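For the numbers below, each heavy atom of this structure counts, side chains included, while hydrogens, waters and symmetry mates do not. Reminder, nothing fancy here: chain letters follow the sequence lines and each chain counts from 1. As the structure is a prediction and not an experimental result, all values here were calculated from the model.
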Amino acid sequence: MSTPQLEKTYEPKSVEDRWSREWIARGYFRAAVDHAGQPYCIVIPPPNVTGSLHVGHALNHSLQDILIRWHRMQGHNTLWLPGTDHAGIATQNVVEKQLMAEGLSRDSLGRERFVERVWQWKATSGNTIINQQKQLGESCDWDRLRFTMDEGLSTAVLEVFVRLHEDGLIYRGERLINWCPRCLTALSDIEVEHEEVRGKLYHVKYPLADDPHAVLTVATTRPETMLGDTAVAVHPEDPRYRHLIGKKIRLPLTTREIPIVGDPILVDLEFGTGAVKITPAHDFNDYEAGERHNLPRIAVLDHAALLDPAGMQKGAVETSVIDMLRGLPVSKARPKVEALLREGGILEKIDDHKMAVGKCYRCKTVVEPYLSPQWFIKIQPLAVPAINAVEDGRIRIVPESWVNNYLGWMREIKDWCISRQIWWGHQIPAWYCLACNDRQIVTVGDRTTILQGAKPIVSKLAPSQCPACGSRQLIRDPDVLDTWFSSALWPFTTLGWPNQTPELKTYYPTSTLVTGLDILFFWVARMIMMGLKFMGEVPFKDVYIHALVRDAEGQKMSKSKGNVIDPLHVMDQFGTDALRFTLASMASPGRDIKLAEERIEGYRNFANKIWNVARFALMYLSGPRAPLPPAQRTFPDQWILSRLNYTIRTVTAELESYRFDRAATALYQFIWHEYCDWYVELIKPVLQTPDHPDGASTRHTLVETLETTLRLLHPFMPFITEEIWQTIPHQGESIVVQQYPTVDQTRTSPDAEEQYSLLEQTVGLVRTGRVLLNYPPGQQILFHVGHDDPHRQQRLQRLQPHLAHLSRGTAEVHPATEWPVGQRLRLVTEGLSVGLTVSGDVDLKKALDRLAKQLAESDKESQRLDGKLKNAEFVSKAPPEVITEHQERVRTLSRDRALLASSEAQLRTMLGA
RNA sequence: GGGCGGAUAGCUCAGUUGGGAGAGCGCUGCCCUUACAAGGCAGAGGUCACAGGUUCGAUCCCUGUUCCGCCUACCA
């Protein structure tokens, strides 16, 4: 009988390519509503269509694939739904860069041709990450691949927009919003990254209007915005200034006078000078203060964050100043203003000052508060149900520590600015009648602005005429929606909503959402709000939040730092399974992952270990195999089955609580240190003896355990498990669709486990003795073993052949008191004695050191325990079982001690002789 | 400013009802023993950040301190 041969080392590359194609071709990942089993569905966090697989994706996707493969094997009706996100700003940037290289620009093409161009780009480059995902072995239903700009999803976006508008939850208005002067678009609050910088605090003396010699000194970090000041605020209870409230300031560099107002919210008595300038058009706090005091808003910066002559004119800035500053960016204007103030003798001082600046999360340009008409979602009515869903447990966030984070954010959530001034995305379904809005629609050059107050006609389809005046002259709102608007709908639009599809009925609510912390607010919170609003049900039951992947030093990976670990490179070098297993094993909750290549290499070695133990099994598999009931099998077989059962229980329980790290550790421990290190060594004598009476049963256990273990491991290491599984005896066509192992109590054997503990302890002692006496590993030795406890003494008797084999020698099993007289080294632990014959002239120094050390440790421990037992309070208050345990330990220690001491004495005699 | 998380072996991290401190990697020594040198065996290495408190007993529970990380915030 010929058995298949495996190469000596595992070569992942060809195996992975072959199986990732084959699995898809055979349709194993395809879901169908009429499949048997309870539905289990995950929608993938759609990566940017511009993206390529980075290690964060690798982690995120590996964990999802583990969950999905696990549930598929458990017989669930499993759907993992893949897709990509159109990533408005990012994608537009990519294509614009391409155009620039061709000497073209977005504006030169015009909107329609530009959008066409982006679609072209998507058709050629948009599948990069999808192909890489397949390489990672992701078992998504690829036939259901979705894109946020698909026709179906786009219809859903229109539906949602119109319904929210009808419900009064979407409105348009002029507000101060975050504006990226490079992307030339609005951003939502959470698209702004705050970064602490060292800035300066300028103290500027503002003269009073009715007494130019009296001044009020204000403190500001942005002196150039003073041109748009419309008031100065002091605290109404500030004895220094409160008499000034109601008076006026002559605003320097302008010809304006502005009022002094009292504002307890804006002003902090302790900070700066206690007087604050108010610039409602360029600062969020000032904007609100302006509302409270009915102040005008004067914008002195334009949409590119350049000093705007028109704005300055409106602000009555002195003509010479306007000429000096016109068209300058803030960075250049600030020193000029500073110089002007200094010349005017009104710059009191400049202090160093720590402050936070907001930057665009896409391009890192400093974001400006910018006054402009935008679309918003009134968020409070959506947030309340989303808070409830988490509070009452309909949604479980894992790890739980993020719950408060979520709730805190949701309770203070502000209206969501959803309009973006870009071209790539879902264009807002709103039209304006030119006739009715002639005063609100202004065209300057080729730039049309729809001012606040214009009346939009919101509709899924383009209206043919104005319902008010019947005019057919309509223009569409040029803005597109925030990308997160469509991804907030992802869990139900991907399943066919707004159509009531069978998929929607079967798989919604989805089971688990796996994501990184960074998009908890961007995405998760919004999906919950939208899911509850439009489906009336939570979008998923569990949210598992995993860590961030950092480099080995704990630094965030970034291209500019050059410390990125490229998952594709790593997969190429060490194998995909090794990478996946590494990421899973490091996914401990609440801790970031510091990824070093050595770790991946370590798990590459693990894969190789599995490969080789499979080779071993194949090598000895010829011959009959007999499946006896567990109780009738040999001790090693009973033991490994018991351990296997324990491992199945552990892995399953850990996966149920999303402890991928502990599940991975359990698998590693079992496979390497129990199956390979001990079980395989224990059964070698049987396998290597032709026609051994236990041969048939042992071969069966060997392969049964291996096969079960492969299934247990498959979600973590899909490729190698499939490859090996195919070569060993198995039923079925692929491990992908086999049943996940379940606990079987008949496999558990406490007796075999006890037997094993004694074996391990004994063999360990003999091997230690070997090293102490410098006996080479290959040399056969004679040794005695005995135990104080008669029950264990009997066990040793039964273990005799295993002891002899694993210790490479001849084992004499007798109670220590009956050992024949002779020169030997005796090692003792917990009542177990092992004696190695000392022959020839060996160096006994190492052995003596070891005995001395153990004696010292034993004494120390005895003293500690004695101390506790002599403590009356301990004896009276500690639970009885703890006390007896302590007493037992003291007894054992003193018996061990006596034997060790006699052994030491004997060695000394031998040395002296 | 507020909130959260972390501090355990040289490094990365486990440690779930408080009672003898663990793993992986690295390191040291001995071995090419026919599954595997990407390996085997043995071993060294830890006042569990610091200070108090609760308890018979604390790595674990409580309080405070220090250091690090993250999130969040309108000190101009």
(message) Give me the distance, rounded to whole Å, that separates C27(B) from A35(B) when you measure between the P atoms they each carry.
(response) 27 Å
(request) Specify the residue among S588(A) and L201(A) whose closest nucleotide of RNA chain B lies further upstream toward the 5′ end. (result) S588(A)
(message) Tell me whether K349(A) is salt-bridged to D351(A), with the criterion being a basic N under 4.0 Å from an acidic carboxylate O.
(response) yes
(message) Here's one to test your reading of the geometry: is the NZ or CZ of R767(A) within 45 degrees of the ring axis of W678(A) and under 6.0 Å from its centre?
(response) yes
(request) Send over the distance from L595(A) CG to C13(B) C1', rounded to a whole Å. (result) 14 Å
(message) If I take atom CH2 in residue W611(A) and atom C1' in nucleotide A35(B), what distance separates them, rounded to the nearest angstrom?
(response) 12 Å
(request) Measure from the side chain of L517(A), starting at C-beta and using heavy atoms only, and say which of C25(B), G20(B), C70(B) lies closest. (result) C70(B)
List, with names and distances, any nitrogen or oxygen atoms from the protein found under 3.5 Å away from nitrogen or oxygen atoms belonging to nucleotides 4-8 of chain B.
from	atom 1	to	atom 2	distance (Å)
G5(B)	O2'	G590(A)	O	3.2
G6(B)	O3'	R591(A)	NH2	3.1
A7(B)	OP1	R591(A)	NH2	3.2

(message) Taking the cut-offs as 6.0 angstrom to the six-membered ring centre and 45 degrees off its axis, would you call R649(A) and Y646(A) a cation-pi pair?
(response) no
(request) Return the value, rounded to whole Å, for the distance between atom CD of Q761(A) and atom P of A42(B). (result) 13 Å
(request) Among C36(B), C25(B), U12(B), find the nucleotide with the atom closest to the side chain of R599(A). (result) U12(B)
(request) Quickly work out the F271(A) CZ to C75(B) P distance and round it to whole Å. (result) 9 Å
(request) Classify the angle between the aromatic ring planes of Y544(A) and Y658(A) as parallel (below 30°), tilted (30 to 60°) or perpendicular (above 60°). (result) parallel
(message) I'd like the P distance from G39(B) over to G24(B), given in whole Å.
(response) 12 Å
(request) Just compare C30(B), C36(B), G24(B) and give me whichever is closest to any side-chain atom of H673(A). (result) G24(B)
So which protein nitrogen or oxygen atoms get under 3.5 Å of nucleotides 54-60 of chain B's nitrogens or oxygens?
from	atom 1	to	atom 2	distance (Å)
C56(B)	OP1	K877(A)	NZ	2.6
C56(B)	O2'	N871(A)	ND2	3.4

(request) Establish, with yes or no, whether the OP1 or OP2 oxygen of C31(B) is under 4.0 angstrom from a side-chain nitrogen or oxygen of R767(A). (result) no
(request) Could you tell me the separation between the CH2 atom of W672(A) and the C1' atom of G40(B), rounded to a whole number of Å? (result) 11 Å
(request) Using the C1' atoms only, state how far C74(B) lies from C60(B), rounded to an integer number of Å. (result) 41 Å
(message) Taking the basic N atoms (NZ, or NE/NH1/NH2) and the acidic carboxylate oxygens, is any pair closer than 4.0 Å for D849(A) and K853(A)?
(response) no
(message) What is the separation between atom CG on L176(A) and atom P on C74(B), rounded to the nearest whole Å?
(response) 12 Å
(message) Rounded to whole Å, please give me the gap between CG in L772(A) and C1' in G29(B).
(response) 12 Å
(request) Would you mind checking if K414(A) and D189(A) are paired as a salt bridge, meaning a charged N to carboxylate O distance below 4.0 Å? (result) no
(message) Nearest whole Å is fine: how far is C74(B) P from H353(A) NE2?
(response) 14 Å
(message) If the threshold is 4.0 Å, N to carboxylate O, is there a salt bridge linking R334(A) and E338(A)?
(response) no
(message) I'd like to know if E857(A) and K860(A) make a salt bridge, using a cut-off of under 4.0 Å between side-chain N and carboxylate O.
(response) no
(request) Please state the C1' separation for the pair U54(B) and A44(B) - nearest whole angstrom. (result) 38 Å
(message) Side chain of R659(A), heavy atoms from C-beta onward: which of C36(B), G15(B), C41(B) has the nearest atom to it?
(response) G15(B)
(request) Could you tell me whether a side-chain N or O of T705(A) sits under 3.5 Å from a main-chain N or O of L702(A), the two making a donor and an acceptor? (result) no
(message) Using the side-chain heavy atoms of N612(A), tell me which of these nucleotides is nearest: G43(B), C36(B), A76(B).
(response) C36(B)
(message) Between A617(A) and T768(A), which residue's closest nucleotide on RNA chain B lies nearer the 5′ terminus?
(response) A617(A)
(request) Answer yes or no: is there an ion pair linking R604(A) with E598(A), defined by an N-O contact shorter than 4.0 Å? (result) no
(request) Pick the P atom in C61(B) and in C4(B), then give their distance to the nearest Å. (result) 15 Å
